[in-house]
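Okay, structure first, notes after.
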Amino acid sequence: MKKTIAFCALCLGVAIPSQAWQGEVFVSTPNTTMILHANEGEDLRMDYYGNTLTDSRQLKEAGSDLNFAALPTFGTVDMIHLPALQVQHTDGDLNLELTVADYSSADGGNAIVHTFTMKDRLQPVTVKVCFKAYKKVDIIETWTEIVNGEKGAIHLKRFDSGHLTIRRGDVWITHLHGDWCAEAQVTQEPLMPGLQVIRNTDGARNAHCDAPEIMLSLDGQPQETAGRTIGAALCWSGNYELRVNTNNKKEHHVYAGIDPQSSEYVLDAGKQFTTPHLALTFSAEGMGGVSRNFHRWARTEGMLHRGMKTGDILLNSWEGIYFDITEQKIIDMMDDIAQFGGELFVMDDGWFGDKYQRNDDSSTLGDWVTDLKKLPGGIKALTDAARQRKIKFGIWIEPEAVNTKSELFEKHPEWALQTKGRQLKLGRGGTQLVLDMTNPKVQDFAFRIVDDLLTQYPEISYLKWDANASIQNVGSLYLPKNKQNNLYIDYHLGLLKVLERIRAKYPDVVIQDCASGGGRANYGLLPYFDEFWVSDNTDALQRVYIQWGTSLFFPSNAMAQHIGGAPYWNTGGRVIPIKFRCDVAMSGRLGIELQPKHMNDEEKLQCTTCFADYKSLRNTIQTGNLYRLISPYNRKGIASLMYVDDSRKQAVLFAYKVDNYYSMPIPRFRLQGLDPNAMYTVKERDVKAWQKPCDLDGRQFTGRFLMEVGIEIPLDWDYASRVLELHQ
């Protein structure tokens with residue numbers, strides 16, 4: 001008979017002492033349960049993951065428990081199944097037979113961490129399988145810790161963070177696919193027999209072509225508001241692989257971890273390797289419920305450095321003047337953003353260099369000194385100018401890269417990733433290389449870039465940290481010959497060391513995570529960043545789709561969304577009205593990315609109105625609960641989403657017309673997340689310049705009516721858009 005004392009002790013929050021262990025463990029969040037079990041001398045098994053379950057007897061009697069290895073290992077699973085962990089021992093042995101030797105739980109305040117210690121039957125290798133269950137949000141993180149107790153190094157050939165078994169059925173997968181300037185395109189398809197793999201091997205950035213997050217809809221085609229849905233996000237910034245294996249049995253097997261290609265990790269004797277955390281969530285409220293779980297976890301549990309704080313309205317100089325920076329142009333742009341009611345100006349690329357001037361992308365990366373020919377008063381003159389205009393000042397950097405045409409490369413060519421004797425493969429501008437972040441000297445250099453700027457100019461309140469190159473030269477002059485395969489992993493571990501040092505010294509400076517747009521939108525880096533640049537594409541129409549996909553996993557206060565210029569260069573010169581551009585950018589952290597001197601009077605007036613209205617809506621938009629109402633991917637010509645604050649006293653609804661044709665039907669908008677018994681007053685915001693609000697303005701409706709019956713929102717013209725506030 002299985003012991004139940006483990007579960008009882010866990011309920012009381014008591015740490016279970018080290019001992020040979022057997023029994024069941026219920027890993028629980030407020031609304032979900034994961035059930036694991038093992039008998040002494042056996043491997044760890046997973047029986048269930050889903051809505052709250054307090055008694056496993058009915059599960060077993062119904063034949064519903066899956067009872068499959070929680071972490072299948074090479075040498076213990078048949079060829080139909082895939083291993084999540086494979087190790088080559090010092091003596092060449094490829095097998096790993098893990099049995100549970102110990103179990104403990106620890107109350108960390110906001111979460112309970114369950115640790116199953118497993119040992120190989122023959123070799124002195126220990127694997128800890130960990131589950132962190134949060135108390136106030138429905139997220140369970142899982143990861144593994146591998147300890148080499150052998151006399152020599154072992155080789156980690158596969159080291160997934162987690163494995164999940166789900167019942168085979170009409171299961172659909174939702175994942176994000178795309179490219180530079182077309183990130184986060186929503187792809188949905190049923191899981192079919194065979195192996196489906198989603199991976200990224202860029203080396204430095206992992207979210208451009210495919211993203212390390214998925215959703216699994218267990219009840220057929222994905223829905224926003226209904227259906228059992230599992231979400232998974234790998235908290236890692238490097239190469240990854242997500243696999244779903246569907247065989248002729250009754251299960252789908254889901255694996256997530258670091259991509260092992262060219263990353264067979266050498267683990268020295270006595271050392272420990274910890275895999276990235278895999279965040280899992282479950283909701284019976286469809287994709288929307290999964291998204292809200294991720295958003296709440298990010299904001300409240302430290303997965304987003306900004307937390308519940310909101311971001312400032314900013315003007316970034318990049319698409320306005322590119323590299324053509326002068327002191328006068330920067331100060332003029334500060335005047336413009338201040339006049340619009342903005343709060344922050346960010347000087348982008350082109351401000352630095354001494355021997356080599358940064359006039360394009362072919363030189364100077366690594367030489368982080370102010371170009372006094374462009375900025376004779378230095379950065380101090382700019383921070384002074386910002387203070388005089390009562391706005392904040394920010395600056396762009398790219399600490400992980402170097403150009404071959406730079407003083408840094410001339411002095412330290414060995415700091416760039418490379419293989420001795422091989423010709424360098426050059427990136428952006430025909431000269432860009434990635435610095436070797438495995439090297440402690442390079443880590444110190446990257447830290448000093450930030451430290452020098454913030455020490456010399458303490459009024460800098462915002463850093464835009466960019467990463468515009470993939471790892472093309474797969475080699476390190478710092479790592480020993482037998483550890484070149486460690487490069488892809490140790491690069492990111494080195495980057496994390498730098499970011500930890502920066503945040504320890506500068507916890508309050510806002511830092512944006514940019515990587516040629518959304519290349520680093522992941523939960524591996526967000527704990528160190530306040531936001532990320534969603535895409536280099538600021539065309540408002542395409543942004544509707546990019547931002548929609550990004551919102552599946554990331555909260556709006558992490559999503560930097562800027563008003564771009566028109567006609568827009570990146571979409572064939574498409575001209576989109578300023579009102580539509582403003583309304584699309586308002587649905588996240590609002591900013592502007594153009595040259596204000598090129599704006600006409602209508603555009604200036606609309607931006608001023610937009611900024612003023614946004615300030616009164618900002619808290620709900622950036623920290624409220626997201627409800628996606630009508631998807632642009634449904635190809636009905638309409639997109640709509642809304643945010644509701646926790647009190648349900650204020651909500652903000654966005655409606656966009658993304659297509660236009662004769663006799664086009666506009667659906668009735670049925671809202672979500674409101675208090676059904678409350679009365680809401682509608683107020684139109686960001687009203688089109690020189691026009692009156694729509695007829696809904698000032699009308700009152702109950703929350704129940706708005707959710708069950710809905711309202712007609714006038715969208716009568718090409719690129720029509722509306723922003724409606726609802727308040728009690």
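We're numbering straight along the sequence, starting at 1.
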Can you tell me if Arg635 has over 12 outside heavy atoms packed within less than 6.0 Å of its CZ? yes
Does the gap between the ring centers of His562 and Trp533 come in under 6.0 Å? yes
Using the benzene-type ring in the case of Trp, are the ring centres of Phe554 and Phe532 under 6.0 Å apart? yes
With a cut-off of 6.0 Å (strictly less than), are more than 12 heavy atoms of other residues, nucleotides or ligands near NZ of Lys250? yes
Kindly indicate whether the side chain of Met287, heavy atoms from C-beta on, has any atom under 4.5 Å from the side chain of Thr174. yes
Ignoring hydrogens and geometry, is there a side-chain-to-backbone donor-acceptor pair from His208 to Ser516 under 3.5 Å? yes
Please list, chain by chain and in numerical order, all residues satisfying side chain to side chain contact (heavy atoms under 4.5 Å, CB included) with Ala298, sequence neighbours excluded. Met303, Leu304, Tyr523, Pro555
Distance-only donor-acceptor check, side chains Tyr633 and Gln188, under 3.5 Å: no
A quick test of your reading: do over 12 heavy atoms of other residues, nucleotides or ligands sit less than 6.0 Å from NZ of Lys135? yes
With distance as the sole test, does Asn537 use its side chain to make a donor-acceptor pair with the main-chain N or O of Ala182 at under 3.5 Å? no
Taking the side chain as every heavy atom from C-beta outward, state whether Gln650 and Leu726 have any atom pair closer than 4.5 Å. no
Does the plane of the ring in Tyr255 sit parallel, tilted or perpendicular to the ring in His163? Use 30° and 60° as the thresholds. tilted
Would Asp536 and Asn570 count as a side-chain contact (heavy atoms from CB on, under 4.5 Å) if you check the C-alpha gap in whole Å, the side-chain angles of each, and the deciding distance to 0.1 Å? CA-CA 9 Å; Asp536 279 346; Asn570 204 24; over 6 Å; no
What are the two closest heavy atoms between Cys694 and Arg722, and how far apart are they? CB-NH1, 3.6 Å
For a quick test of reading the model, state the closest non-hydrogen atom pair linking Leu71 to Val129 and the distance between them. CD2-CG2, 4.0 Å
Under a 3.5 Å cutoff, is there a donor and acceptor pairing between the side chains of Glu593 and Thr538? no
Would you say Arg628 and Ser291 are linked by a side-chain donor-acceptor pair, where the criterion is simply a distance under 3.5 Å? yes
Say whether, by atom type as modelled, one donor and one acceptor occur between the side chain of Asp259 and the main chain of Tyr240 under 3.5 angstrom. no
Donor-acceptor pair, side chain of Arg685 and main chain of Cys610, under 3.5 angstrom: no
Between the side chain of Arg520 and the main-chain N/O of Ala515, is any donor-acceptor distance below 3.5 Å? no
May I have the step-by-step check of side-chain contact (heavy atoms from CB on, under 4.5 Å) for His81 and Phe68, ending in yes or no? CA-CA 11 Å; His81 300 102; Phe68 199 85; 3.4 Å; yes
Got more than 12 heavy atoms from elsewhere within 6.0 Å of CZ, Arg648? yes
Exercise: identify the closest heavy-atom pair between Ile630 and Pro667: CD1-CG, 3.7 Å
Would you tell me whether Asn557 and Glu531 have side-chain atoms, one donor and one acceptor, within less than 3.5 Å of each other? no
When you check the side-chain N and O atoms of Gln561 and Ser587, is any donor under 3.5 Å from an acceptor? yes
Check the pair Glu24 / Lys60 against salt bridge (Lys or Arg N to Asp or Glu O under 4.0 Å), numbers first and verdict last. CA-CA 13 Å; Glu24 282 186 339; Lys60 292 176 174 60; 2.7 Å; yes
What residue among Ile621, Val652, Val723 forms side chain to side chain contact (heavy atoms under 4.5 Å, CB included) with Tyr614? Ile621
Report the residues that fulfil side chain to side chain contact (heavy atoms under 4.5 Å, CB included) with Thr187, sequence neighbours left out, ordered by chain and then residue number. His175, His177, Glu189
Tyr680 and Phe701 aromatic centres sub-6.0 Å: no
Distance-only donor-acceptor check, side chains Asp202 and Asn239, under 3.5 Å: no
Distance (rounded to the nearest 0.5 Å) between Gln58 CD and Thr54 OG1: 8.5 Å
Less than 6.0 angstrom separating the ring centers of Phe553 and His295, yes or no? no
So, the side chain of His252 versus the backbone of Leu164: is there a donor-acceptor pair under 3.5 Å, distance only? no
Looking only at heavy atoms, which two atoms of Asn248 and Arg168 are closest? And how far apart? CA-NH1, 3.6 Å
Without swapping roles, check the side chain of Lys657 against the backbone of Leu715 for a donor-acceptor pair under 3.5 Å. yes
Steps toward salt bridge (Lys or Arg N to Asp or Glu O under 4.0 Å) verdict (Asp659, Lys636): CA-CA 8 Å; Asp659 202 354; Lys636 301 297 184 182; over 6 Å; no
Taking Ser640 for the side chain and Phe654 for the main chain, is one N or O donor matched with an acceptor at less than 3.5 Å? yes
Derivation of the salt bridge (Lys or Arg N to Asp or Glu O under 4.0 Å) call for Arg292 and Glu285: CA-CA 10 Å; Arg292 288 186 289 277; Glu285 297 179 0; 3.3 Å; yes
Going from CD1 on Ile711 to CZ on Phe705, what distance comes out if it is rounded to the nearest 0.5 angstrom? 8.5 Å
Is there a salt bridge (Lys or Arg N to Asp or Glu O under 4.0 Å) between Arg45 and Asp47? Walk through the geometry before answering. CA-CA 6 Å; Arg45 318 291 286 183; Asp47 289 341; over 6 Å; no
Output yes when a side-chain donor or acceptor of Glu183 lies under 3.5 Å from a complementary backbone atom of Ala211, and no otherwise. no
Quick one: does any side-chain atom of Thr275 pair with a main-chain N or O of Phe159 as donor and acceptor, under 3.5 Å? no
Evaluate Thr623 against Thr310 for side-chain contact (heavy atoms from CB on, under 4.5 Å), listing each step before the verdict. CA-CA 7 Å; Thr623 66; Thr310 59; 4.1 Å; yes
Are any non-hydrogen side-chain atoms of Met192 and Thr246 less than 4.5 angstrom apart? no
Does a donor on one side chain and an acceptor on the other come within less than 3.5 Å for Arg543 and Gln547? yes
For Asn200 and Asp210, does a side-chain donor sit closer than 3.5 Å to a side-chain acceptor? no
Phe282 and Tyr49 aromatic ring geometry - parallel, tilted or perpendicular at 30°/60° bounds: perpendicular
Show the nearest heavy-atom pair for residues Trp548 and Leu629, with the distance to one decimal. CH2-N, 4.1 Å
Heavy atoms of Asp686 and Cys582 approach each other most closely as OD2-CB, 3.5 Å
Check Glu712 with Arg668, please: is the shortest side-chain N to carboxylate O separation under 4.0 Å? yes
Can Ser161 and Leu234 be said to form a side-chain contact (heavy atoms from CB on, under 4.5 Å), step by step? CA-CA 8 Å; Ser161 297; Leu234 186 66; 3.6 Å; yes
Mind running side chain to side chain donor-acceptor pair (under 3.5 Å) on Tyr643 and Gln622 for me, showing each step along the way? CA-CA 8 Å; Tyr643 297 96; Gln622 291 196 29; over 6 Å; no
By side chain to side chain contact (heavy atoms under 4.5 Å, CB included), which residues pair with Val197, not counting sequence neighbours? Leu195, Arg199, Glu241, Arg243
